[in-house]
2 protein chains.
Amino acid sequence: MSKQVLPVVDLNAVACCSPIAVRPMDAEQATVVAPMFKALGDPVRLRLMSMIASVPEICVCDLTPDFDLSGPTISHHLKVLREAGLVDAERRGTWVWYRVKPEAFRQLGALLEISTAPAAGGTA
Amino acid sequence: MSKQVLPVVDLNAVACCSPIAVRPMDAEQATVVAPMFKALGDPVRLRLMSMIASVPEICVCDLTPDFDLSGPTISHHLKVLREAGLVDAERRGTWVWYRVKPEAFRQLGALLEISTAPAAGGTA
DNA sequence: ACCCTGTTTTGAAGTCTGTCAAGCTAGAGG
DNA sequence: CCTCTAGCTTGACAGACTTCAAAACAGGGT
């Protein structure tokens with residue numbers, strides 16, 4: 001039983017991407033997406049995420065020293081990012097390597113787009 | 001003393017916008033930005049946000065009925081969005097009207113951009 | 001086989017969050 | 001001035017979150 005590293009958020013369930021500035025989100029979609037934002041809502045995780053996102057992949061051993069936190073705590077935060085579907089992890093020999101899941105990233109970016117923003121007038 | 005509606009997150013302090021996929025975030029910036037993501041990390045607030053964002057402005061009285069929650073609870077969530085700097089509120093007569101702060105929105109969107117993403121190879 | 005290093009899991013403590021009931025404030029209209 | 005409605009604030013409580021220490025797990029080297 002390889003209970004290794006399995007994402008929890010189903011990206012296909014994230015009704016694809018119309019920015020929230022264009023159309024209100026239904027309750028179900030909000031339930032799916034909110035955990036991703038929540039995962040980024042902690043300063044430690046946000047930094048972890050940005051460290052992972054700014055390179056192709058990175059070892060936990062290169063993440064930990066940047067924080068005044070215990071190893072287990074970093075590991076916990078990484079797990080939250082994993083379960084939010086934002087990153088993937090893979091063990092290679094002694095070390096575990098993390099990389100972003102670009103789809104997830106794109107999802108969130110798309111939701112926040114102002115793009116063809118509403119402006120006055122009404123939805124009629 | 002008008003303790004009306006005052007934002008807490010200083011948008012100017014959000015070192016402007018290089019996507020986290022490009023350069024890791026420093027601790028200070030993460031501390032400033034994380035609360036915005038956190039505010040969106042609750043399904044109720046995410047829906048509120050999207051309802052507000054999809055029209056020019058909207059009255060609390062038009063937000064509340066969409067949820068199976070008490071008035072105070074909605075009010076609490078709106079306060080969180082306000083203090084995260086994501087929305088503004090204004091009382092006009094009997095009703096209070098909410099609208100998004102597009103700058104904040106844009107900030108977050110910019111951070112999530114993959115834009116000139118890293119791809120393999122290394123940062124060299 | 002044993003130990004050493006890197007990472008995750010478990011268990012526990014303290015803090016924060018989401019929610020409601022009750023009470024309060026702001027404006028409209030008599 | 002009184003009352004009614006819309007919305008916010010306070011207080012309280014159950015549940016979730018962050019963190020660490022201790023222990024477990026995974027590989028590599030001797």
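Labels below follow one simple rule: chain letters A, B, ... track the order of the sequence lines, proteins then strands, and each chain is numbered from 1.
- Across all strands, B:Gly93 comes closer than 4.0 Å only to sugar-phosphate atoms, never to a base (heavy-atom distances).
- Distances from the side chain of A:Pro72 to the nucleotides D:dC20, D:dT19, C:dT7 place D:dC20 closest.
- In this structure, of C:dA26, D:dA21, D:dG27, it is C:dA26 that holds the atom nearest to the side chain of B:Arg91.
- A:Phe67 comes within contact range of no nucleotide atom at all, as no heavy-atom separation falls under 4.0 Å.
- Nearest nucleotide to the side chain of A:Val60, out of C:dG18, C:dT8, D:dG7: C:dT8.
- We find that CG of A:Leu69 is positioned 15 Å from P of C:dT7, with the value rounded to whole Å.
- An OP1 or OP2 oxygen of C:dC20 is reached within less than 4.0 angstrom by a side-chain nitrogen or oxygen of B:Ser70.
- Linking ILVMFWY residues whenever their side-chain heavy atoms come closer than 4.5 Å, directly or via other members, leaves A:Val80 and A:Ile58 in distinct clusters.
- Distance, B:Lys79 NZ to C:dT17 C1': 13 Å, rounded to whole Å.
- For the pair B:Leu48 CG and D:dG7 P, the interatomic distance rounds to 13 Å; values are reported in whole Å.
- In this structure, B:Arg91 contributes its side chain and B:Gly93 its backbone to a donor-acceptor pair below 3.5 Å.
- In this structure, B:Arg92 reaches neither bases nor backbone, as no heavy-atom distance under 4.0 Å exists between it and the strands shown.
- Taking the nucleotide of DNA chain D with the nearest heavy atom to each of B:Gly71 and A:Gly71, the more 5' of the two is matched to B:Gly71.
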Under the criterion side chain to side chain contact (heavy atoms under 4.5 Å, CB included), I'd like the reasoning laid out for B:Leu112 against A:Leu111: C-alpha separation, chi angles, the key distance, then a yes or no. CA-CA 10 Å; B:Leu112 292 180; A:Leu111 284 170; over 6 Å; no
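- Remark: B:Thr94 is not in phosphate contact with C:dG27, judged by side-chain N or O atoms under 4.0 Å from OP1 or OP2.
- For B:Leu78 and C:dG18, the CG to P distance is 13 Å, given to the nearest whole Å.
- When rounded to the nearest whole Å, the span between CD of A:Glu83 and C1' of D:dC17 equals 13 Å.
- Residue A:Lys38 places at least one side-chain N or O closer than 4.0 Å to OP1 or OP2 of D:dC17.
- Regarding contacts with the backbone of D:dT18, a side-chain N or O of A:His76 is found under 4.0 angstrom from either OP1 or OP2.
- Nearest heavy atoms, B:Tyr98 versus B:Val87: CD2-CG2, 3.8 Å.
- Between A:Leu48 and A:His77 the shortest heavy-atom distance is CD1-CB, 3.7 Å.
- If you check every strand for non-hydrogen atoms under 4.0 Å, A:Thr73 touches a base.
- Here C:dG6 presents its C1' atom at 9 Å from CH2 of A:Trp95, a figure rounded to the nearest Å.
- Taking atom CG on A:Leu81 and atom P on D:dT18, their separation rounds to 11 Å, with Å as the unit.
- Put simply, CD1 on B:Ile74 is 15 Å from P on D:dA6, counting in whole angstrom units.
- When distances are taken from the side chain of A:His77 to each of C:dT8, C:dC20, D:dT19, the shortest belongs to D:dT19.
- Between A:Tyr98 and the phosphate of C:dT7, there is no side-chain N or O to OP1/OP2 separation shorter than 4.0 Å.
- One N or O on the side chain of B:Thr64 and one on the backbone of B:Val60 form a donor-acceptor pair closer than 3.5 Å.
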